[in-house]
There are 2 protein chains.
Amino acid sequence: MRKLKYAILGLINRKPMTGYDLTAEFDKALGSFWHAKHSQIYPELKKLTEENLITYETVIHGEKLEKKVYTITEKGKQELKNWILRDEPLEPTPKDVFKLRAYFIELMNKEEIILQFSRQLAKRQKKLEILKSAMEELLKTKDISNVISEEFGDYIVLKGAIMREQTYIDWLKECLDIVAKSSE
Amino acid sequence: MRKLKYAILGLINRKPMTGYDLTAEFDKALGSFWHAKHSQIYPELKKLTEENLITYETVIHGEKLEKKVYTITEKGKQELKNWILRDEPLEPTPKDVFKLRAYFIELMNKEEIILQFSRQLAKRQKKLEILKSAMEELLKTKDISNVISEEFGDYIVLKGAIMREQTYIDWLKECLDIVAKSSE
DNA sequence: ATAATACATGTAAATGTTGACATGTTTCAA
DNA sequence: TTGAAACATGTCAACATTTACATGTATTAT
């Protein structure tokens, strides 16, 4: 399916970037729905260059540090536009290790259950706070009134991430509540 | 991390099973948070057997069809119990191809955006209905009053899946709403 | 009867992903 | 000035996962 291909193509289409910049983007903005390590990005950039979907220009930064700034080609833009309109079946539900543990709840006693769920809750609440701060920052600095814009894209995926985390937290609290009230 | 190892160990711990049974479980019950193909399961079963975490007994079904019914060992139970109590950092957010498309919303025009989001909404609504039916069935046939039971494990992960799908739908509707109201 | 479907178990090649290895430059703060 | 952090690019081995290949039995509906 080459999904990384389209993630990279989409980012470079927004503006020319280096492999390092892409890595940073995968850690920040896209972090709420996509991720890739630099060890996967550099080989993919090489491949996309060979396929003539992107090209690069070597730029010297400072005295001798070489950067490869990648730009999307017309062919790349066409493939990207073609991919974005495709209608694909729903992906299989993503894996969730915490839910795997929760599923086998019968292996824990009451205190252990409460400990595991509380720890997960704390982590998720922390993450939600980070996402909310990012949203505050976004609303302060960007204009999202135009629906056909990068800014609106940034906004909706961040909004989706916040809603997802909030729901996960609600679920954890509901579980904790039932367990706490149980007699066993 | 060997996560499949623990998924299999947990299932076999619930009751002895064949590789085929495990595959079916990954398609049904665990489908809402884990998945594995039989081509991954059979080699893993072999490995777990070599590690003495499970053992199998060959059972003849009918005239000559051989089944390998796997049972967890004491060592396997110990490892499983040990894993379930571990405190691990939050996994990176799972990948979401639809959100990747949504992020690059600037590549579509208004009609295309509405088409893509509506199609996704229809698929998610269908999936939610299936999950709700599964919940109705579960509540009808199983007793979830004991928190330390397989039934309660089944219940909470299904509940989590329903909440997640509902939130995804809410997000899609919100996005569609903003786009529909936009002038562009 | 027979054909489709479900049951049952495997392997091999390709692809996707992570973690470790490997190297060097530039900037910024103490 | 020097050391840490950020910038910058790559490879390789191991592990995870999917798709295709490969084979055969038992049950159920027509």
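Here is the naming used below: chain letters follow the sequence lines, and residue numbers restart at 1 for every chain.
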Q. How close or far is atom P of D/dA14 from atom NZ of B/K47, stated in whole angstroms?
A. 12 Å
(Q) Ignoring hydrogens, what is the shortest heavy-atom contact between B/M135 and B/I162? Give both atom names and the distance. (A) CB-CD1, 3.7 Å
Q. Just how far, in rounded Å, is C1' of D/dC21 from OH of B/Y42?
A. 15 Å
(Q) Looking only at the side chain of B/H38 (C-beta and beyond, no hydrogens), which of the listed nucleotides D/dA8, D/dA20, D/dT25 gets closest? (A) D/dA20
Q | Per B/K37 side chain, nearest of listed nucleotides D/dT11, D/dT19, D/dT9 | A | D/dT19
Q) On DNA chain C, which is the earliest and which the latest nucleotide, 5' to 3', with an atom closer than 4.0 Å to a heavy atom of chain A? A) C/dG16 to C/dT27
Q) Between A/T93 and B/K127, do the side chains contain an N or O donor and an N or O acceptor separated by less than 3.5 Å? A) yes
(Q) Base of D/dT19, side chain of B/S39 - is there a donor-acceptor contact under 3.5 Å? (A) yes
Q) Separation of B/H35 atom NE2 from D/dT17 atom C1', in whole Å? A) 11 Å
(Q) Testing the basics here: between A/I72 and A/I12, what is the closest heavy-atom pair and its distance to 0.1 Å? (A) N-CG2, 3.4 Å
Q. For the helix from C/dA1-D/dT30 to C/dA30-D/dT1, what is the angle between the axes at its two ends, each from 5 pairs, rounded to 10°?
A. 40°
**Q.** Spacing between B/I41 atom CD1 and D/dA16 atom P, to the nearest angstrom
**A.** 15 Å
**Q.** ring pair (Phe, Tyr, Trp, His ring centres under 6.0 Å) partners of residues 69-89 of chain A, not counting sequence neighbours, each pair once
**A.** A/Y6-A/W83, A/Y56-A/Y70
Q.
Please confirm whether the shortest side-chain N or O distance from A/Y20 to OP1 or OP2 of D/dC7 is below 4.0 Å.
A. yes
Q. Where each residue is assigned the nucleotide of DNA chain D containing its nearest heavy atom, which of B/R2 and A/V69 is assigned the position nearer the 5′ end?
A. A/V69
Q: Please state how far atom CG in B/D27 lies from atom P in D/dT17, giving the value in whole angstrom units.
A: 15 Å
Q. Hey, are A/T18 and A/D21 close enough side-chain-wise for a donor-acceptor pair under 3.5 Å?
A. yes
Q. Given D/dA16, is OP1 or OP2 found less than 4.0 Å from the side-chain N or O atoms of A/K95?
A. no
Q) Judged by modelled atom types alone, do A/D96 and A/Y168 share a side-chain donor-acceptor pair under 3.5 Å? A) yes
Q.
At 4.0 Å (heavy atoms only), tell me whether A/K46 reaches a base, stays on the sugar-phosphate, or touches nothing.
A. sugar-phosphate
Q.
Taking the minimum atom-to-atom distance to the side chain of A/K68, which one of D/dA16, D/dT9, D/dT17 wins?
A. D/dT9
(Q) Could you tell me how far apart A/Q40 (CD) and D/dT17 (P) are, to the nearest whole angstrom? (A) 14 Å
Q. If you take all heavy atoms of B/Q166 and B/K132, which pair is closest and at what distance?
A. OE1-NZ, 4.3 Å
(Q) Run A/K99 and B/S32 through side-chain hydrogen bond (donor to acceptor under 3.5 Å, both in side chains) and show every step you take. (A) CA-CA 9 Å; A/K99 281 193 181 161; B/S32 68; over 6 Å; no
**Q.** Between D/dT9 (C1') and A/L48 (CG): distance, integer Å
**A.** 16 Å
Q: Take atom NZ of A/K77 as the centre, draw a 6.0 Å sphere, and report whether it contains more than 12 heavy atoms from other residues, nucleotides or ligands.
A: no
Q | Separation of D/dA26 P from B/L65 CG (nearest whole Å) | A | 6 Å
Q: Look at the aromatic rings of B/W171 and B/F117 and report parallel, tilted or perpendicular, splitting at 30° and 60°.
A: tilted
**Q.** DNA chain C: 5'-proximal contact among A/E44 and A/K64 (nearest heavy atom)
**A.** A/E44
